[in-house]
Amino acid sequence: MPKHLFRRTAVAVAAALLTTAALAVAPHPAEAGRPLSARNLPSGGRVLFYMGQDSTTLGDFRDDVLDTDPRFPRPAGVTLYTNLVGAPMSGMFQPTDYGSGENDFPATINEFGGGLAVGLYLSDPAQTPLKAYAGTGDAATVARYRKWLDEFLTYLDRTGREVFLRIGYEFDGAWNAYDPELYKQAYRYIARRIDQLGARRIATVWQTASWPRVEKAPFDATAAGHWDRWYPGDAYVDWAGLSHFYGEQFDRYQWGCEKPENIASTPLRVQQSLLDFARRHRKPVFVSESAPQGFDLENKTAGCIFADPATGGPHATVPVTAQQIWDTWYGPYFRFVERNRDIIRGVAYINTDWKSQSMWNCRPGSCANGYWGDSRVQADPLILARFKNEISRSLYEHGPRRARPFEAPDFSGPGRSEAEYADLPHGGTTGIAIADPTASNDRTALIYANGASLAFDHVAGGTALGLRYATTTDNVNLTVLVNGVARHSVALPNRGAATNWADVTLPVPVPRDATVTLRLDSGDVVWIDYLTPGQRHDTIRRPFS
């Protein structure tokens with residue numbers, strides 16, 4: 001689910017003849033004989049089967065497939081996304097939807113057993129996260145980002161799951177605009193911090209976009225020395241990763257509208273180059289993102305993945321049968337995994353109706369991210385049956401039927417309940433937690449829809465509550481609920497700025513270990529910094545020291 005301008009492209013058969021020095025290196029026989037060694041490596045030569053890539057999609061897959069067919073293999077894990085920039089750790093405490101499906105870590109972790117693959121987004125125009133983790137930013141920014149990282153890693157470790165952390169996923173995608181040297185330094189810091197915190201279940205994944213289109217340096221995946229230019233080093237990388245949206249028949253539909261001169265190589269050449277690099281370094285490979293982009297399994301159509309410059313929307317699609325879809329993408333995809341099973345030890349399939357999500361919906365005049373279609377296997381019975389047969393093979397490792405209970409940790413200090421860890425039941429549509437250096441703990445939560453609420457769990461007992469807030473609107477009225485019962489209403493004066501904080505005392509008695517909810521009844525928007533007295537002391541979850 002990368003946040004980039006557009007992804008993947010269409011191409012002519014002539015591009016298949018293009019070669020570069022970077023794609024011509026074969027693994028040394030002696031190196032190929034060394035065993036793979038990495039965290040979370042499945043035993044017996046099996047391949048992990050993961051599904052993703054958002055909570056909405058995963059919930060639909062559970063309802064439509066897993067709950068109706070007890071014989072369908074359970075995924076060995078699921079894929080979700082978050083970030084350490086802008087609104088850090090979005091989706092990890094409150095549900096968040098940026099137009100690519102809702103990410104709700106606690107809900108999905110409680111619905112699916114097995115492991116967790118996490119796409120960690122680190123891009124901003126100023127390279128702020130990379131500079132912070134590389135240690136080249138200003139002291140205050142470095143300290144803030146590194147504190148967030150510790151909380152993030154602690155959270156992942158406390159899930160009790162095997163975690164595959166895709167640090168700056170699709171590192172060489174031009175849409176991410178990472179600087180190679182800063183990226184490598186930041187990656188190394190994060191990998192070292194995982195070890196320093198003792199989070200042994202977290203494996204690092206170095207994932208290429210495997211993007212074969214012509215790009216300027218340093219994003220040309222076919223350039224000589226490309227992989228070395230971006231590689232953090234064997235000591236820091238547990239797994240290599242790649243994206244696989246097009247395979248050996250990429251030019252038949254998906255890339256059919258692209259000019260040959262815009263193509264540097266075939267997708268498989270770039271993917272094979274990465275596999276050979278991983279073989280030389282003896283790193284297992286996770287196919288971290290895969291789906292038949294450009295195919296619509298529900299409507300039985302196929303189309304070029306690029307926007308039509310004439311309309312600013314999708315190119316015309318053509319009708320295809322389920323058999324043609326299988327023969328063009330799925331069959332070759334599973335053969336690709338089988339053919340490279342010596343090095344590919346994990347695959348993650350994206351089971352999404354892309355056109356239902358605003359970020360990926362390609363329509364006339366609005367197609368910034370290209371044409372995606374619908375890759376839900378349950379949208380066609382033939383595809384679903386054959387997909388089930390493939391992943392039912394003993395080659396693939398599956399997951400448990402039930403998940404262990406999980407509660408998101410709260411990193412509030414003693415005496416406070418920080419709003420950024422509270423629950424926003426409709427997060428992303430009624431409120432969001434964001435970075436704010438003027439707020440306690442460098443973060444705050446804002447509620448911006450009347451009727452929305454912010455719920456604090458495990459609040460310690462007391463005779464009153466303290467609230468730190470800010471607002472830029474008049475007539476802000478909150479109702480305070482204790483264990484679901486309305487106990488008090490308060491009118492909050494306009495503060496004139498989101499950073500002009502004020503403290504108020506609410507005469508609300510609270511029993512020990514209560515849930516306190518703040519509901520916005522009017523006023524449009526309010527920023528909540530924290531609530532006091534805070535969490536019950538024995539529920540406080542502190543990061544590793």
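Given the structure is predicted, the values throughout are model-derived calculations rather than measurements.
- Under the 30°/60° scheme for interplanar angles, the aromatic rings of H244 and F336 are found to be tilted.
- If you run side chain to side chain contact (heavy atoms under 4.5 Å, CB included) between S265 and each of T222, D220, V214, only T222 comes through.
- In this structure, Y187 has its ring center at least 6.0 angstrom away from the ring center of F171.
- Ring geometry for Y169 versus Y121: interplanar angle of 30 to 60°, hence tilted.
- Note that the OH atom of Y81 and the CG atom of N103 stand 9.0 Å from one another [nearest 0.5 Å].
- One finds no salt bridge joining K147 and D150 here, because no Lys/Arg side-chain nitrogen approaches an Asp/Glu carboxylate oxygen to under 4.0 Å.
- Residues that satisfy the salt bridge (Lys or Arg N to Asp or Glu O under 4.0 Å) test with K131, not counting sequence neighbours, are absent from this structure.
- L58 contributes atom CG, which lies 8.0 Å from atom OG1 of T352 (distance to the nearest 0.5 angstrom).
- Of the inter-residue distances, the one linking I528 atom CD1 with F456 atom CZ reads 6.5 Å to the nearest 0.5 angstrom.
- Ring-centre distance between F277 and W206: below the 6.0 Å cut-off.
- Residues Y133 and R146 have side chains in contact (heavy-atom distance under 4.5 Å, counting atoms from C-beta outward).
- Here Y155 and F411 keep their ring centres 6.0 angstrom or further from each other.
- In this structure, L492 CG and Y469 OH are separated by 5.0 Å, a value rounded to the nearest 0.5 Å.
- For the residue pair T471/T473, the side-chain donor-acceptor check at 3.5 Å is satisfied.
- Side-chain contact check for S440 and R416: at least one donor-acceptor pair (N or O, by modelled atom type) lies under 3.5 Å.
- I194 pairs in a side chain to side chain contact (heavy atoms under 4.5 Å, CB included) with only one of the listed residues (L149, V163, L156, I202), which is I202.
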